[in-house]
Trainee: 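I'd like to ask you about the structure that follows.
So that the names make sense, note that chain A is the first sequence line, chain B the second, and so on, each numbered from 1. None of the values given here were measured: they were computed from a predicted structure.
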Amino acid sequence: MIAIIDYGAGNIKSLQFALTKLGYESYLTTDQGEIRNSNAIILPGVGAFEDAMTALHKADLVEVIKDEANNEKPLLGICLGMQLLYETSNEDGLSNGLGLLNGHIERINNCVKVPHMGWNTLSLHRDSTITYQLPSEAYVYFVHSYFATNINESELISSTNYGGLIPAIVRKNNIIGMQFHPEKSGSTGLQLLKNFGEMIS
Amino acid sequence: MLAKRIIPCLDVDQGRVVKGKKFKNIQDVADPVEIAKRYNNEGADELVFYDITASNEERNIFLDIVEKVAAEIAIPFTVGGGIRTLDDIHNVLRAGADKVSINSSAVKDPQLIKRAAKRFGTQCIVLSIDAKEIESNKWNVFIHGGRKNTYRDAIDWAMAGEKLGAGEIVVNSIDADGEKNGYHYNLTKKIADAVNIPIVASGGAGSMEHFVQILQPNIADAALAASVFHYDEISIPALKDALANQNIVVRRNP
């Protein structure tokens with residue numbers, strides 16, 4: 001069972017539909033026990049960084065997510081959920097994230113339209129099981145105004161280009177981040193979710 | 001590279017897709033879930049559903065359709081029509097929509113955009129502007145399906161909407177809508193120049209050439225159309241081939 005952390009983020013039904021289509025059972029939860037008993041965790045997210053962290057603290061979920069990630073349970077952060085994996089963000093003043101990955105969240109440079117909205121291509125930086133069977137230059141759907149910087153180069157799996165390099169898929173062992181929405185990225189996105197599902201032992 | 005988006009738009013009334021000409025003479029076309037699947041398979045980049053009735057019972061029929069569409073397709077879609085409160089937005093997002101399009105309600109209460117962007121994120125708040133040319137190169141914002149002049153300048157309103165937190169603007173030309181003579185180039189360009197958020201052109205698509213014109217650099221990021229797709233006058237794969245031939249970046253591996 002995959003636990004989808006339900007802390008009030010917008011459209012998580014599509015994520016659940018996508019997992020169901022792939023044959024994975026999932027549930028929306030904010031219950032610590034259910035999260036500990038899951039085989040994998042997905043941290044979705046839209047909205048503002050600080051609000052999301054406040055919601056996670058309020059629901060007393062910060063420690064359980066960190067514990068489970070450190071216990072090598074597969075954890076996937078999607079969009080804002082990926083950004084929350086990092087140490088700090090500059091969105092509306094400096095605030096702290098989960099700190100599971102080294103790096104910082106910054107606003108996309110205004111030389112391009114912000115938000116970055118639409119289908120953009122993935123460039124592969126290194127091989128990983130998470131990008132198994134992905135066509136080259138595959139399109140995925142992005143919608144975000146902030147992105148990860150100063151990350152560990154060795155954790156960068158795929159990037160896209162929008163006013164500069166934007167980390168699109170990052171990975172540190174069992175911890176995965178996707179800046180785009182795999183559940184909204186057609187068959188490419190479904191393949192990526194399937195690859196994540198394959199990490200469940 | 002970021003691709004230009006092709007967005008079929010579906011007007012939904014009592015659970016069915018319809019298409020109006022200048023917002024009048026509406027006639028039934030098809031089942032929204034089936035048509036969503038078809039567009040998804042053909043390579044549409046996004047879909048838009050407008051709930052054009054919106055009495056309370058019909059609202060629930062509509063939410064049910066939103067949920068069925070979300071279960072069937074894995075591309076983003078926007079929902080508009082009858083969005084008045086934060087609860088309305090919450091309900092359509094929870095049903096599986098990715099973005100909400102706000103029009104008349106935002107004109108009446110601009111702070112709705114601000115509150116919605118704060119709570120749900122800028123990226124899911126789309127400001128839809130129905131604009132009509134009232135003198136040469138001057139456009140006013142109209143509401144209530146294009147029937148009521150607000151006497152507000154469309155370009156000023158677009159800039160205000162961006163400041164309030166809208167993440168995207170749909171520019172719908174009432175003059176061009178349903179005429180199939182092409183998107184309103186000047187209006188779309190003026191608004192694109194005035195803001196730094198994505199612009200969706202709407203109203204007037206009749207040929208592939210119209211899409212080529214409006215999807216040039218620094219004009220529209222996406223083009224929305226209804227009847228040319230619903231009545232099979234333009235097929236999406238052929239349109240994307242035509243755009244690619246004109247060096248416009250499009251997604252062709254759905």
Side-chain angles (χ1 to χ4, degrees), chain A residues 6 8-18 20-22 28 45-49 51-52 79-80 91-92 108 110-121 123 135-146 160-163 166 180-190 193, chain B residues 1-7 40-41 43-46 66-77 79 89-90 92-100 116-126 162 165-169 192 195-200 218 221-222 249-254:
Chain A
D6 181 16
N11 174 16
I12 41 183
K13 196 154 257 172
S14 296
L15 177 59
Q16 216 177 2
F17 284 136
T20 304
K21 226 178 255 179
L22 293 167
L28 306 178
V46 291
F49 190 96
D51 291 349
C79 198
L80 177 65
E91 187 173 354
D92 305 321
I108 295 170
N110 263 332
C111 69
V112 286
K113 293 187 180 189
V114 183
H116 174 211
M117 189 182 287
W119 297 82
N120 209 335
T121 44
S123 306
S136 66
E137 297 289 297
Y139 276 102
V140 289
Y141 189 83
F142 288 86
V143 51
H144 63 120
S145 301
Y146 289 78
T160 194
N161 193 301
Y162 191 69
I166 296 204
F180 52 91
H181 286 270
E183 77 280 16
K184 285 289 166 180
S185 296
S187 52
T188 299
L190 291 178
L193 287 173
Chain B
M1 223 178 133
L2 185 64
K4 299 280 186 176
R5 290 170 279 152
I6 299 300
I7 309 178
N40 178 40
N41 294 338
D45 298 303
E46 273 182 46
V66 170
E67 193 167 329
K68 283 188 178 134
V69 169
E72 290 289 343
I73 65 168
I75 58 170
F77 65 96
V79 163
I89 298 172
H90 176 82
V92 294
L93 294 179
R94 287 300 281 203
D98 301 278
K99 301 188 254 186
V100 291
K118 170 105 179 75
R119 175 150 162 210
F120 305 104
T122 278
Q123 77 293 328
C124 66
I125 308 302
V126 180
E162 178 187 30
E168 183 167 68
I169 292 178
V195 299
N196 195 41
I197 52 180
I199 298 293
V200 181
N218 305 317
D221 302 282
V249 178
V250 286
R251 176 185 72 116
R252 285 195 290 177
N253 54 346

Trainee: To the nearest 0.5 Å, how far apart are NE2 in A/His144 and CD in B/Gln123?
Mentor: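 The NE2 atom of A/His144 sits 10.5 Å away from the CD atom of B/Gln123.
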Trainee: Please classify the contact between A/Thr121 and chain B as side chain, backbone, both or neither, with a heavy-atom cut-off of under 4.5 Å.
Mentor: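 Both the backbone and the side chain of A/Thr121 come within 4.5 Å of chain B.
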Trainee: Please find the pair of heavy atoms, one from B/Ala70 and one from A/Ser14, that lie closest to each other, and give the distance.
Mentor: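 Here B/Ala70 and A/Ser14 meet closest at CB-OG, 4.0 Å.
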Trainee: As a quick check of understanding, evaluate side-chain contact (heavy atoms from CB on, under 4.5 Å) for B/Lys99 and A/Met117, giving each step before the final call.
Mentor: CA-CA 11 Å; B/Lys99 301 188 254 186; A/Met117 189 182 287; 3.1 Å; yes
Trainee: Output yes when a side-chain donor or acceptor of B/Asp45 lies under 3.5 Å from a complementary backbone atom of A/Gly118, and no otherwise.
Mentor: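 Not a single qualifying donor-acceptor pair exists.
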Trainee: Counting distance only, does the side-chain N/O of A/Asn120 pair as donor-acceptor with the main-chain N or O of B/Met1 below 3.5 Å?
Mentor: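 The answer is yes, because a donor-acceptor pair under 3.5 Å joins these two groups.
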Trainee: Measuring from atom CG of B/Leu2 to atom CG of A/Asn161, what distance do you get when rounded to the nearest 0.5 angstrom?
Mentor: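 Going from the CG atom of B/Leu2 to the CG atom of A/Asn161 covers 10.5 Å.
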Trainee: Would you mind checking which part of B/Ile73 comes under 4.5 Å of any heavy atom in chain A, side chain (CB onward), backbone (N, CA, C, O), both or neither?
Mentor: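 Contact with chain A is through the backbone of B/Ile73 alone.
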Trainee: Please test A/Asp6 against B/Arg94 for salt bridge (Lys or Arg N to Asp or Glu O under 4.0 Å), starting from the C-alpha separation and ending with a verdict.
Mentor: CA-CA 11 Å; A/Asp6 181 16; B/Arg94 287 300 281 203; 3.2 Å; yes
Trainee: Between atom CD1 of B/Ile75 and atom NE2 of A/His181, what is the distance when rounded to the nearest 0.5 Å?
Mentor: 14.5 Å
Trainee: What distance separates A/Lys184 NZ from B/Glu46 CD, expressed to the nearest 0.5 Å?
Mentor: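 Output value for this atom pair is 9.5 Å.
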Trainee: When rounded to the nearest 0.5 angstrom, what distance separates CD1 in B/Ile197 from NZ in A/Lys113?
Mentor: 8.5 Å
Trainee: Is chain A contacted by the side chain of B/Glu67, its backbone, both, or neither, given a heavy-atom distance below 4.5 Å?
Mentor: both
Trainee: Please determine whether salt bridge (Lys or Arg N to Asp or Glu O under 4.0 Å) holds for the pair A/Asp51 and B/Arg119, giving the CA-CA distance in whole Å, both sets of side-chain angles, and the decisive distance to 0.1 Å.
Mentor: CA-CA 9 Å; A/Asp51 291 349; B/Arg119 175 150 162 210; over 6 Å; no
Trainee: Determine the option with the most heavy-atom pairs under 4.5 angstrom with chain B, choosing from A/Leu15, A/Asp92, A/Val112.
Mentor: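 Top option by heavy-atom pairs under 4.5 Å: A/Val112.
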Trainee: Count the heavy-atom pairs under 4.5 Å between each of B/Ala3, B/Gly167, B/Ala117, B/Ala71 and chain A, then report the option with the highest count.
Mentor: B/Ala71
Trainee: Taking side chain as everything from C-beta outward and backbone as N, CA, C, O, which of these in B/Val250 sits under 4.5 Å from a heavy atom of chain A? Side chain, backbone, both or neither.
Mentor: backbone
Trainee: Around atom NZ of B/Lys118, are there more than 12 heavy atoms from other residues, nucleotides or ligands closer than 6.0 Å?
Mentor: no
Trainee: Looking only at heavy atoms, what is the nearest atom pair of B/Arg5 and A/Trp119, with distance?
Mentor: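 For B/Arg5 versus A/Trp119, the nearest heavy atoms are CG-CD1, 4.3 Å.
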Trainee: Under 4.5 Å heavy-atom distance to chain B, tell me which part of A/Asn110 shows up: side chain, backbone, both or neither.
Mentor: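 Interface part for A/Asn110: both.
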Trainee: Taking B/Leu93's backbone N and O only, do any of them form a donor-acceptor pair with A/Lys13's side chain (distance below 3.5 Å, no angle check)?
Mentor: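 Not at all, since once roles are kept as given, no pair shorter than 3.5 Å links the two residues.
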